[in-house]
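Data block below; observations after.
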Amino acid sequence: MSSLLLKNADVLVTMDEGRREIRGGGVYIEDNRIVAVGAMDTLPETAGEVIDMAGHVVLPGLVNTHHHMYQTLTRAVPGAQDAELFGWLKALYPIWARLTPEMIRVSTQTAMAELILSGCTTSSDHLYIYPNGCRLDDSIEAAEGIGMRFHAARGAMSVGESKGGLPPDSVVEDEGAILTETRRLIESWHDAERYSMRRIVVAPCSPFSVSRDLMRESAVLARSYGVGLHTHLAETADDVAYSREKFGMTPAEYAAELGWTGRDVWHAHCVKLDEAGIKLFGKTRTGVAHCPCSNMRLASGIAPVGRMRCEGVSVGLGVDGSASNDGSHMLGEARQAMLLARVGFGPSAMTGREALEIATRGGAQVLDRDDIGALAPGMAADVVAFDMRGLETAGALHDPVAALVFCAPQRVAWSVINGRVVVREGRLTTVDTRTLAARHNALAAALVRDEAR
């Protein structure tokens with residue numbers, strides 16, 4: 001049995017039921033679970049490894065509930081920099097059609113490296129395009145190599161332009177094949193056990209890229225295996241208009257009709273979710289992945305996160321695709337969530353601590369997990385620490401917890417995922433980030449250059 005003691009934190013932010021913040025606190029870990037949390041005089045004095053957290057704020061690992069990791073290959077691509085959602089997608093679909101399995105693997109690790117170094121320990125990824133032999137297995141194997149807790153969402157597009165959908169016909173799949181492949185992935189990879197490092201999610205891409213039948217059959221399939229459901233919903237005014245024109249109902253009504261509500265379901269964005277939809281999601285405990293940076297980048301609007309939370313909707317954070325955010329920084333996403341809420345609804349709309357809560361406990365609830373998102377005995381050993389002695393937080397130590405969100409986002413100093421030290425003194429230990437970035441840049445250049453020919 002391995003053991004790890006994190007001691008003497010300036011502040012230990014537990015995010016437990018009492019939202020305790022412990023000055024001079026620590027965490028004692030055995031194997032991959034937390035055994036004890038509290039003041040140092042309540043914890044063991046020794047362990048297999050002891051790390052002094054003086055000068056640091058320690059908190060649960062952040063949880064990313066929505067991403068498209070392959071999109072790290074197309075950040076800031078000319079022609080897609082200044083478009084709204086539908087125009088942005090149409091500009092990028094032809095480029096993404098040239099993806100290869102290596103591109104999926106390398107981009108997954110690139111996105112995960114950036115996420116981990118920003119304090120994230122658990123991430124979902126929504127991969128919905130599979131050209132040239134690409135498979136979700138490529139992402140899953142990449143995650144295992146880097147050591148991230150992963151919810152791999154098997155996305156799909158089945159309705160192309162010829163059938164009234166948004167994507168070109170060249171990137172859509174047969175619906176029977178989609179369901180067969182999704183079933184294979186669940187049976188091959190899904191781990192439902194507590195502290196699981198790998199779960200599979202059933203995730204048709206969006207109402208404007210799949211059929212009503214696929215949405216319905218996907219919900220049946222997911223529930224037959226007890227796995228989660230994920231899609232995009234009510235992201236923009238165009239999205240809502242499409243739903244009303246094609247289905248004669250709002251996005252929330254459409255989701256409810258097809259069985260897409262419940263605590264095993266979460267929807268990305270929901271910027272344009274109406275009041276009836278908010279109440280429905282609250283009543284059914286349906287989750288929402290809030291993606292503030294992407295929503296600003298594409299000028300989609302400001303999601304009514306405060307109203308959602310007041311109605312009992314589970315809300316987590318998502319960095320979204322790195323071509324609609326151009327970054328995968330979870331602490332930065334929490335800061336933007338707070339700032340955007342205040343722009344839309346006033347200075348009391350979201351506090352710094354509420355932003356951190358959404359990024360930890362909220363994300364765990366959205367992913368329907370009770371073993372991550374808080375530091376407490378019996379929880380998974382996912383712990384991060386930020387060094388508060390640098391320039392970013394100089395002058396802000398009157399309230400170091402709030403400083404994490406109010407001040408410029410910084411890199412994590414330490415990260416423990418499933419009991420394993422993955423970031424040590426600011427350095428990711430599982431991959432060589434310089435080599436990874438070089439290969440990623442070469443692949444990105446080839447992907448976009450080939451499209452331009």
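Position 1 is the first residue of the sequence; numbering continues from there. Owing to the predicted nature of the structure, the values given are computational and were not obtained by experimental measurement.
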- Task: Determine, for Lys163 against Asp169, whether the closest basic-nitrogen to carboxylate-oxygen distance falls under 4.0 angstrom.
- Result: no
- Task: State whether the side chain of Thr231 and the backbone N or O of Cys205 hold a donor-acceptor pair below 3.5 Å, judged by distance alone.
- Result: yes
- Give every residue pair that meets the salt bridge (Lys or Arg N to Asp or Glu O under 4.0 Å) criterion with at least one member in residues 211-234, sequence neighbours excluded. Arg212-Glu257, Asp213-Arg216, Arg223-Asp264
- Residue pairs, two or more places apart or on separate chains, that pass salt bridge (Lys or Arg N to Asp or Glu O under 4.0 Å) and touch residues 62-86: Arg75-Glu114
- Could you grab the distance from atom CD1 of Ile358 to atom NE2 of His290, nearest 0.5 Å is fine? 7.0 Å
- Between Arg434 and Asp432, is a salt bridge (Lys or Arg N to Asp or Glu O under 4.0 Å) present by the stated rule, with each step listed? CA-CA 6 Å; Arg434 188 176 295 273; Asp432 182 334; 5.8 Å; no
- Residue set satisfying side chain to side chain donor-acceptor pair (under 3.5 Å) with Lys246, at least two apart, ordered chain then number -> none
- Task: Decide yes or no on salt bridge (Lys or Arg N to Asp or Glu O under 4.0 Å) for Glu187 and Arg183, but give the supporting numbers first.
- Result: CA-CA 6 Å; Glu187 293 177 353; Arg183 188 176 294 108; 5.3 Å; no
- Message: side-chain hydrogen bond (donor to acceptor under 3.5 Å, both in side chains), that's the test. Do His67 and Asp125 meet it? Break it down for me.
- Response: CA-CA 5 Å; His67 208 340; Asp125 184 47; 4.7 Å; no
- Can you find a heavy atom in the side chain of Tyr70 that is under 4.5 Å from one in the side chain of Ser139? no
- Query: Quick one: does Trp96's side chain have a donor or acceptor within less than 3.5 Å of a partner on Ile129's backbone?
  - Reply: no
- Task: Applying side-chain contact (heavy atoms from CB on, under 4.5 Å), run through Ser218 and Leu179 and close with a yes or a no.
- Result: CA-CA 7 Å; Ser218 293; Leu179 294 169; 4.1 Å; yes
- Message: Take a 6.0 Å sphere around CZ of Arg411 and say whether it holds more than 12 heavy atoms from other residues, nucleotides or ligands.
- Response: no
- Item | Test item: Arg135 side-chain N/O and Glu181 main-chain N/O as donor-acceptor pair under 3.5 Å | no
- Message: Before you tell me yes or no, could you show the steps for Arg335 and Glu392 under salt bridge (Lys or Arg N to Asp or Glu O under 4.0 Å), namely the whole-Å CA-CA distance, both residues' side-chain angles and the distance that decides it to 0.1 Å?
- Response: CA-CA 14 Å; Arg335 183 173 190 259; Glu392 298 91 345; over 6 Å; no
- Query: Which value, rounded to the nearest 0.5 Å, describes the distance between Ile104 atom CD1 and Asp137 atom CG?
  - Reply: 11.5 Å
- Task: Using a 4.5 Å cut-off on heavy atoms from C-beta on, say whether the side chain of Phe386 contacts that of Leu59.
- Result: yes
- Do Tyr242 and Phe86 make the cut of ring centroids closer than 6.0 angstrom? no
- Rounded to the nearest 0.5 Å, what's the gap from CZ on Arg263 to CG on Leu367? Could you check? 12.0 Å
- Task: Decide if the gap between the ring center of His230 and the ring center of His151 is smaller than 6.0 angstrom.
- Result: no
- For a side-chain hydrogen bond (donor to acceptor under 3.5 Å, both in side chains) with Asn64, tell me which candidate from Ser123, Ser328, Ser124 qualifies. Ser123
- Pair Lys272 + Asp239, salt bridge at N-O below 4.0 Å: no
- Note on the structure: CD1 of Ile146 to CZ of Arg105, rounded to nearest 0.5 Å, is 14.5 Å
- cation_pi(Arg307, Phe345) dist<6.0 Å, angle<=45: no
- dist Leu127:CG -> His68:NE2 (nearest 0.5 Å) comes out at 9.5 Å
- Find the distance between CG (Asn32) and CZ (Arg194) and round it off to the nearest 0.5 Å. 10.5 Å
- Has the side chain of Trp88 got a donor or acceptor atom that lies under 3.5 Å from a matching backbone atom of Leu298? no
- Message: Donor-acceptor pair, distance only, cut-off 3.5 Å: does the side chain of Arg149 make one with the backbone of Ser196?
- Response: yes
